[in-house]
There are 2 protein chains.
Amino acid sequence: IVDLVDVYKIYQLGNTEVPAVQGVSIRINRGEFATIAGPSGSGKTTLLNLIGCVDTATRGDVIVAGQNTGRLKEKDLTRLRLFKIGFIFQSFNLVSVLTAYQNVEFPLLLQKSVGKAERDRRVREVLEAVGLGTHGKHRPNELSGGQRQRVAVARALVTKPEIVLADEPTANLDSVTGSQIIDLMKELNHRDGTTFIFSTHDAKVMEAADRIVRLKDGRVQDASAGHAG
Amino acid sequence: IVDLVDVYKIYQLGNTEVPAVQGVSIRINRGEFATIAGPSGSGKTTLLNLIGCVDTATRGDVIVAGQNTGRLKEKDLTRLRLFKIGFIFQSFNLVSVLTAYQNVEFPLLLQKSVGKAERDRRVREVLEAVGLGTHGKHRPNELSGGQRQRVAVARALVTKPEIVLADEPTANLDSVTGSQIIDLMKELNHRDGTTFIFSTHDAKVMEAADRIVRLKDGRVQDASAGHAG
Ligand SMILES: Nc1ncnc2c1ncn2[C@@H]1O[C@H](COP(=O)(O)OP(=O)(O)OP(=O)(O)O)[C@@H](O)[C@H]1O
Ligand SMILES: Nc1ncnc2c1ncn2[C@@H]1O[C@H](COP(=O)(O)OP(=O)(O)OP(=O)(O)O)[C@@H](O)[C@H]1O
Ligand SMILES: [Mg+2]
Ligand SMILES: [Mg+2]
């Protein structure tokens, strides 16, 4: 469902080039629960941004749900992001003037694919599932770091996307709450066949994965290199 | 060096009261390496904000470095925050238009206590110590999540404060980088007697602490309750 073919992302910083992703080729199959592991600065977020069509590759092909994203028009990219992908950002990207409830409801409003009653039911259900049933009226700055992270999780899941991209979704959570979030995602993976691609530093998330892709300095580590990653 | 006496923080949310911290009394001695542990939403950030004079208590006394912060004028609070305390925020709070170097230099410029050459030496030294020696010219949105976290760490340490308040300083770091940051802090604790108060979910940070304060629903858990926290 996701195919990266010899992908490069090279940033320009003044006169220097910063190669964030270098010659990465990865194939993720539908229904997989995959994690991208690697040190801080190794390119995990950059890779997820390319898959999520939030950024474009300098070279190579990024193919998502059968479509070559480098060749799509802006409005088709927008449709892909809105209808097929749920993205949990490393720094959450919540709308500060909206409540937790409104933040989670937002993509459903954009989609216009379900009626008001169903929308309300879904928002409440997912807020409950991440343990924020009583915090719907708080705005982001009236929430703890881990609560904001869970609003970001809820928002990505409420549209029931085919692919969920999760950038360190448990970084700000204690181990009990973090496990609850991972269990919720595994259940969606088993019940609905949703594909999950995580970037994580959390050993518990890695244990839950059926596959680990190891990154170092923007390159994929050879799986046969054992624990060198 | 930090004394909380029956401290309460109660937020007003529309018509509801949200008690974030309830009747907390804690004494932290100079030179301690203490952690505040507890589930997401249990009040850790709120507690650190009260100690760091970033927020004021609804009830009770917060005494920092011998001064009762509830009775200080704004300019004395500002001096306390600038000269005695280094704060690593859970969401970093970096200045987006400044480079990593400039962000770290900022509190030294405000202090006006060291000359240009010494300022430059200190900024470079601490950036090197957190592994960002080559990233000084990147702005926050040109850095990875873990790199931004380390800029926030560097900025808090560069002024060599008496008290460092660290709100989940390793949340976005892989275990190797995270350990390097903890080792750096332990060294400062041993060499300079800097007091460290962490909030963390990271078992490795808790292992490094000489003392753990457990929070649950805004209250301190009795130490004799064993592992109930
Ligand atoms: N401005 C506010 N208005 C209302 N409630 C608030 C406000 N700020 C925080 N809260 C609530 O206070 C409680 C404690 O928040 P705090 O940020 O201290 O938790 P925490 O222990 O740091 O959590 P985490 O581990 O998720 O960072 C939470 O339930 C939160 O929703
Ligand atoms: N806009 C940019 N301009 C220049 N360099 C950038 C930019 N964005 C990211 N980088 C660099 O690209 C590299 C990879 O960044 P990325 O955010 O993908 O890392 P990461 O693996 O997600 O790290 P972390 O675990 O710390 O979140 C880093 O060295 C970073 O400094
Ligand atoms: Mg990242
Ligand atoms: Mg917090």
Side-chain angles (χ1 to χ4, degrees), chain A residues 11-16 18 20 37-46 49 89-92 94 99 130-132 134-150 167-168 170-178 180-181 199-204 206 214-216 218 229, chain B residues 11-16 18 20 37-46 48 89-92 94 99 130-132 134-150 167-168 170-178 180-181 199-204 206 214-216 218 229:
Chain A
Y11 291 108
Q12 210 63 34
L13 190 74
N15 293 332
T16 349
V18 181
S40 173
S42 55
K44 305 181 295 298
T45 293
T46 303
N49 286 346
F89 296 97
Q90 188 167 5
S91 50
F92 321 151
L94 300 180
T99 63
V130 299
L132 292 178
T134 54
H135 282 71
K137 291 205 165 69
H138 291 237
R139 288 198 309 276
N141 69 344
E142 295 165 339
L143 290 171
S144 78
Q147 289 167 343
R148 282 174 216 154
Q149 184 143 46
R150 285 181 274 157
D167 202 345
E168 302 194 30
T170 60
N172 285 280
L173 301 176
D174 54 283
S175 53
V176 170
T177 314
Q180 288 167 359
I181 297 303
S199 106
T200 190
H201 293 307
D202 188 340
K204 272 205 275 48
M206 289 196 234
R214 295 192 184 277
L215 276 192
K216 190 173 196 285
Chain B
Y11 290 108
Q12 210 61 34
L13 190 72
N15 295 331
T16 350
V18 181
S40 173
S42 56
K44 304 179 296 297
T45 294
T46 303
L48 286 177
F89 297 96
Q90 190 168 4
S91 49
F92 321 151
L94 301 179
T99 63
V130 299
L132 292 179
T134 54
H135 281 72
K137 292 207 165 69
H138 291 237
R139 289 199 307 278
N141 69 344
E142 294 164 338
L143 289 171
S144 78
Q147 288 167 344
R148 282 175 215 154
Q149 185 144 44
R150 285 181 273 157
D167 202 345
E168 303 194 30
T170 60
N172 285 280
L173 301 175
D174 55 283
S175 52
V176 171
T177 315
Q180 287 166 358
I181 296 303
S199 107
T200 188
H201 294 307
D202 189 339
K204 270 202 277 57
M206 290 196 235
R214 296 191 183 277
L215 275 192
K216 190 173 196 286

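Throughout, a chain's letter reflects where its sequence line sits, starting with A, and its residues are numbered from 1.
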Toward chain B, the part of [X] with a non-hydrogen atom under 4.5 Å:
X	value
A:Ser144	side chain
A:Leu173	both
A:Gln147	both

Chain A contacts, top residue of B:His138, B:Lys137, B:Lys44 (heavy-atom pairs, under 4.5 Å): B:His138
Tell me, out of B:Asn172, B:Thr45, B:Val176, B:Thr177, who's got the most heavy-atom pairs with chain A below 4.5 Å. B:Asn172
Got B:Ser40 and A:Gln149 here, is their nearest side-chain heavy-atom distance under 4.5 Å? no
Between B:Arg150 and chain A, which part of the residue has a heavy atom less than 4.5 Å away: side chain, backbone, both or neither? side chain
Side-chain donor or acceptor of A:Asp174 paired with backbone N/O of B:His201 under 3.5 Å: no
A:Lys204, NZ atom: more than 12 neighbouring heavy atoms under 6.0 Å: yes
Check the pair A:Arg148, B:Ser91 against side-chain contact (heavy atoms from CB on, under 4.5 Å), reporting the backbone distance first and the verdict last. CA-CA 11 Å; A:Arg148 282 174 216 154; B:Ser91 49; 4.2 Å; yes
